[in-house]
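Structure first, commentary second.
Keep in mind the model is a prediction, meaning the values are calculated, not measured. Chain letters run A, B, ... following the sequence lines, proteins first and then strands; every chain starts at 1.
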Protein chains: 2
Amino acid sequence: MVSAEPTVRLTGAPRSAAQTRVLDAALELISAHGVSGTSLQMIADAVGVTKAAVYHQFKTKDEIVIALTERELDRLADALEAAEAEEDRVRAREVLLTCVVDLAIERRGAVSTLQFDPVIVRLLAEHKPFEQFISRLYGALLGDGTGAAARVEAAMLSGVISTAVMHPLVADIDDDELREHVLRYMRRLVDLPE
Amino acid sequence: MVSAEPTVRLTGAPRSAAQTRVLDAALELISAHGVSGTSLQMIADAVGVTKAAVYHQFKTKDEIVIALTERELDRLADALEAAEAEEDRVRAREVLLTCVVDLAIERRGAVSTLQFDPVIVRLLAEHKPFEQFISRLYGALLGDGTGAAARVEAAMLSGVISTAVMHPLVADIDDDELREHVLRYMRRLVDLPE
DNA sequence: GTCTATAGAATGATAGAC
DNA sequence: GTCTATCATTCTATAGAC
């Protein structure tokens, strides 16, 4: 029997409680200091254990970064699947974008790291499962074109959201209000439902 | 005699040739690996000298990062002064934005670092001269409002530019074409001349 | 302005006991 | 799952000669 619908999910093994504690601490530290600016000692201190205990959960620092990126990308998987289910490519993008706005607001603090940290950028391009996921994401984001205009539009859309959500100027705006404003401005850039 | 028009310029001492070589190498490396991911050894190797020679030009790594940020922000100074000279705040923003697009395209590779690297973000907020410069920049970017809507708009504008310019999807689009596309999308968000 | 040499701390990572 | 102890390497930074 040929394998069914290849699922978009990225998750490897389910994470133990100890692993989850490490990933939570790592995400917070990395969001504040970047991947290279975060040491295993800092992570261990934040969890309240020694470095050796952290190394028992993940063999290398890279594995922590991969696991944490995986966990965050997985939050996009449902949105991406819903988008890919749409027949109309423009409609697919609408679905994706509205979901992405919500996720971005939910993860305000971490968005910038995940999109712009040089280590993660490299990982996204070189680690095969990520690369595949990202190119699906770009596919849905491109709408119905692939020319220069469409690519600039897609690039902008992927960035505007994260930037709009993490910018110091909007730090004191609460989630619900921010969401409304961002969606309003997004409608000026592309068609969005409602 | 009271001091004349406070200039926007950030530059301290003019840089020697040796200092310029260090800053050029540092900017390129930091753009690729981030501040924390770039060591003085890497910079020294790129320049073709030893670490000690680099330390002779700048007392600390922080000083290098400050000098290099200073140099990049200075490129915005003229645009900011021109904007502040305008009486109409909306017109001032137009002037600023068109200049910023050009600069962003010119420095495509470095934009992301300067806007999103955690070390530089912190520097921009804590180093006094930078903090002052940035708040002037935000002032001009805000146009005539200061409420939540205006702040989200400003955040989106600053995001459109940087993201549209550095995204992998647009890497192969040449400067002139990219410039036209970006300006076209910016006009959907705000009024821009021509 | 550049070098060699080095100090002292922190880094990622491992071995082995409990 | 966590610890102590350790290793080799790299890091920022300095002293002093040329």
Side-chain angles (χ1 to χ4, degrees), chain A residues 12-71 113 117-123 126-127, chain B residues 12-71 113 117-123 126-127:
Chain A
R15 302 294 173 193
S16 70
Q19 285 178 320
T20 302
R21 281 195 300 273
V22 169
L23 293 183
D24 288 343
L27 180 61
E28 199 179 317
L29 285 165
I30 288 176
S31 296
H33 307 107
V35 174
S36 299
T38 303
S39 69
L40 268 112
Q41 186 64 233
M42 292 165 76
I43 296 172
D45 289 349
V47 177
V49 296
T50 61
K51 268 191 297 178
V54 175
Y55 273 109
H56 179 73
Q57 308 298 338
F58 298 94
K59 279 200 286 286
T60 62
K61 184 182 173 183
D62 252 48
E63 255 188 40
I64 296 178
V65 178
I66 290 177
L68 140 184
T69 307
E70 204 170 63
R71 207 175 56 158
T113 304
D117 186 286
V119 175
I120 296 186
V121 167
R122 195 155 302 171
L123 210 59
E126 288 170 8
H127 185 69
Chain B
R15 302 295 173 191
S16 70
Q19 284 179 320
T20 303
R21 281 195 300 274
V22 170
L23 293 182
D24 289 344
L27 180 61
E28 200 179 317
L29 286 165
I30 288 176
S31 296
H33 307 107
V35 174
S36 298
T38 303
S39 69
L40 267 110
Q41 185 67 76
M42 293 164 76
I43 296 172
D45 289 348
V47 178
V49 296
T50 62
K51 269 190 297 180
V54 175
Y55 272 109
H56 179 73
Q57 307 298 337
F58 298 93
K59 279 201 285 286
T60 62
K61 184 182 173 182
D62 252 48
E63 256 188 41
I64 297 178
V65 178
I66 290 177
L68 139 186
T69 308
E70 204 169 64
R71 206 175 56 158
T113 304
D117 186 286
V119 175
I120 296 187
V121 167
R122 194 155 304 170
L123 210 58
E126 288 171 8
H127 185 69

Which atom pairs, donor and acceptor, lie under 3.5 Å between side-chain atoms of residues 40-50 of chain B and protein residues at least two apart or in another chain?
{"from": "B/Q41", "atom 1": "NE2", "to": "B/D45", "atom 2": "OD1", "distance (Å)": "3.1"}

May I have the step-by-step check of side-chain contact (heavy atoms from CB on, under 4.5 Å) for A/H127 and A/D62, ending in yes or no?
CA-CA 11 Å; A/H127 185 69; A/D62 252 48; over 6 Å; no
Working to the nearest 0.5 Å, report the span between CG of B/L123 and CD of B/E126.
8.0 Å
Grab the NZ-C1' distance between A/K61 and D/dT9 for me, whole Å please.
15 Å
Hey, where on DNA chain C does chain B first and last touch, going 5' to 3'? Cut-off is any atom under 4.0 Å from a heavy atom.
C/dG1 to C/dT4
Using five pairs at each end of the helix from C/dG1-D/dC18 to C/dC18-D/dG1 to define an axis, what is the angle between those two axes, to 10°?
10°
Salt bridge or not between A/D24 and A/R15? Use side-chain N to carboxylate O under 4.0 Å.
no
Please report the interatomic distance CD1(A/I64) to OG1(A/T69), rounded to the nearest 0.5 Å.
11.5 Å
Please list, one pair per line, the donor and acceptor atoms closer than 3.5 Å that link side chains of residues 54-61 of chain A to other protein atoms, with sequence neighbours excluded.
{"from": "A/T60", "atom 1": "OG1", "to": "A/E63", "atom 2": "N", "distance (Å)": "3.1"}
{"from": "A/K61", "atom 1": "NZ", "to": "A/V35", "atom 2": "O", "distance (Å)": "3.0"}
{"from": "A/K61", "atom 1": "NZ", "to": "A/T38", "atom 2": "O", "distance (Å)": "2.8"}

side-chain hydrogen bond (donor to acceptor under 3.5 Å, both in side chains) with A/R122: which residues, sequence neighbours excluded?
none
So, with a heavy-atom separation below 4.0 Å from DNA chain C, the residues of residues 18-49 of chain B are B/A18, B/R21, B/V49
CG on B/D117 to OG on A/S36, rounded to 0.5 Å:
9.0 Å
Atom pair CG/CD of A/L68 and A/Q19 - distance to nearest 0.5 Å:
12.5 Å
